[in-house]
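Here the structure is laid out as structure tokens; the discussion comes afterwards.
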Amino acid sequence: MLHKLQILFVATFCLSVMSGCSKKDEKDDVIPKAKYYVSADVEGESPLLYETDLYVQYDDEILNVGSNSFSIQTYGPDYRKIILSASKPFRGQPEEFEITSAKYQKSRFETFQSGPNPFVNLSTSPNGRVMFTKADDTMAEGTFYFEVYSNDLKKKIKVTNGKFRTRY
């Protein structure tokens with residue numbers, strides 16, 4: 001009887017250890033399923049994921065390309081959004097850029113940003129980069145990261161593991 005209890009204890013212990021090791025963090029499970037997406041890990045928050053199978057111009061465009069700059073912007077669920085921009089032109093090819101301004105809107109009433117900010121008369125560095133890893137005449141894909149600050153500069157948030165795929 002004692003031998004059976006020992007075997008049962010060892011088997012239960014092994015099963016609990018194996019099941020604990022196989023569990024993934026919920027953040028790891030956020031995998032875009034749509035053709036076009038922006039996703040990122042936001043410090044202390046659940047991952048942000050914006051995805052669509054449609055390409056819609058103008059207001060819903062993810063990548064906006066100008067002659068001297070470009071921006072990537074998302075409007076995710078529950079008022080959360082990410083906007084980043086660089087002051088150099090995107091030429092439709094793989095390339096890395098320094099982010100000159102960035103914004104993360106946590107909720108309808110809480111915004112974090114860096115770069116020139118005329119509303120509070122200060123400028124902070126986003127300390128970030130955006131890399132286009134694949135690009136052609138109509139599609140771009142890549143990664144990004146940056147830091148943003150509350151308007152009073154008392155809180156800093158890191159946006160990491162950013163990924164995107166979009167038409168433009």
Side-chain angles (χ1 to χ4, degrees), residues 24-90 92 94-135 139-168:
K24 287 186 173 182
D25 189 353
E26 286 183 27
K27 291 194 311 188
D28 295 336
D29 293 334
V30 177
I31 300 170
K33 296 175 180 75
K35 283 184 186 178
Y36 310 114
Y37 62 85
V38 175
S39 68
D41 294 339
V42 180
E43 185 175 89
E45 300 293 325
S46 59
L48 176 71
L49 175 63
Y50 167 82
E51 56 184 353
T52 181
D53 285 319
L54 303 174
Y55 171 63
V56 182
Q57 287 186 312
Y58 310 114
D59 290 341
D60 290 336
E61 205 167 46
I62 294 172
L63 175 61
N64 295 300
V65 178
S67 59
N68 295 319
S69 64
F70 69 88
S71 67
I72 295 173
Q73 52 190 341
T74 66
Y75 297 91
D78 60 14
Y79 295 100
R80 293 191 301 158
K81 66 175 89 169
I82 287 178
I83 301 173
L84 62 91
S85 61
S87 298
K88 292 189 176 180
F90 171 62
E95 194 170 353
E96 185 173 353
F97 297 91
E98 179 181 2
I99 295 173
T100 52
S101 67
K103 179 178 182 177
Y104 169 65
Q105 185 164 326
K106 182 177 177 179
S107 68
R108 188 173 192 174
F109 304 104
E110 192 172 14
T111 301
F112 297 83
Q113 53 194 12
S114 55
N117 186 345
F119 299 109
V120 292
N121 196 25
L122 61 88
S123 183
T124 54
S125 171
N127 295 322
R129 313 268 314 154
V130 58
M131 175 173 278
F132 290 88
T133 55
K134 294 180 183 176
M139 193 274 304
E141 188 172 328
T143 61
F144 64 89
Y145 67 91
F146 59 83
E147 297 173 348
V148 286
Y149 302 86
S150 59
N151 283 338
D152 60 7
L153 300 179
K154 291 183 179 177
K155 186 173 180 185
K156 174 173 73 172
I157 288 184
K158 292 183 180 183
V159 175
T160 58
N161 299 319
K163 298 176 185 129
F164 64 90
R165 182 183 322 136
T166 182
R167 289 186 57 162
Y168 69 98

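Side chains included, hydrogens not; waters and symmetry mates left out as well; all remaining heavy atoms used.
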Which atoms form the tightest heavy-atom contact between [X] and [Y], and what is the distance?
| X | Y | answer |
| --- | --- | --- |
| V130 | I99 | N-CG1, 3.9 Å |
| V148 | A102 | CG1-O, 3.7 Å |
| L63 | F70 | CD1-CD1, 4.0 Å |
| S69 | A86 | CB-O, 3.1 Å |
| T111 | Q105 | OG1-CG, 3.8 Å |
| R80 | Y104 | CD-OH, 3.4 Å |

Can you tell me how far the [atom1] atom of [X] sits from the [atom2] atom of [Y], to the nearest 0.5 Å?
| X | Y | atom1 | atom2 | result |
| --- | --- | --- | --- | --- |
| S39 | F144 | OG | CZ | 7.0 Å |
| E98 | F146 | CD | CZ | 14.0 Å |
| R167 | R165 | CZ | CZ | 13.0 Å |
| K155 | E110 | NZ | CD | 5.5 Å |
| E147 | S125 | CD | OG | 7.5 Å |

Out of K158, R129, M131, which residue meets the side chain to side chain contact (heavy atoms under 4.5 Å, CB included) rule with Y145?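 Exactly one option meets the side chain to side chain contact (heavy atoms under 4.5 Å, CB included) with Y145, and it is R129.
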
Has the side chain of S114 got a donor or acceptor atom that lies under 3.5 Å from a matching backbone atom of Y149?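 Answer holds: no.
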
Does S85 offer a backbone N or O that forms a donor-acceptor pair with the side chain of T100 under 3.5 Å?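 Flag set: sc T100 to bb S85 pair under 3.5 Å.
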
Going by the ring-ring contact (aromatic ring centres under 6.0 Å, His included) test, name the single residue among Y36, Y37, F132 that passes it with F164.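 The option that passes is F132.
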
Is F112 close to K156 at the side-chain level, that is, under 4.5 Å between some pair of heavy atoms?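 When only atoms from C-beta onward are counted, F112 and K156 do not touch, as no gap falls below 4.5 Å.
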
Is the number of heavy atoms from other residues, nucleotides or ligands within 6.0 Å of CG (D152) greater than 12?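 More than 12 heavy atoms, drawn from other residues, nucleotides or ligands, come within 6.0 Å of this atom.
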
Stepwise side-chain contact (heavy atoms from CB on, under 4.5 Å) test for Q73 and K81: CA-CA 7 Å; Q73 52 190 341; K81 66 175 89 169; over 6 Å; no

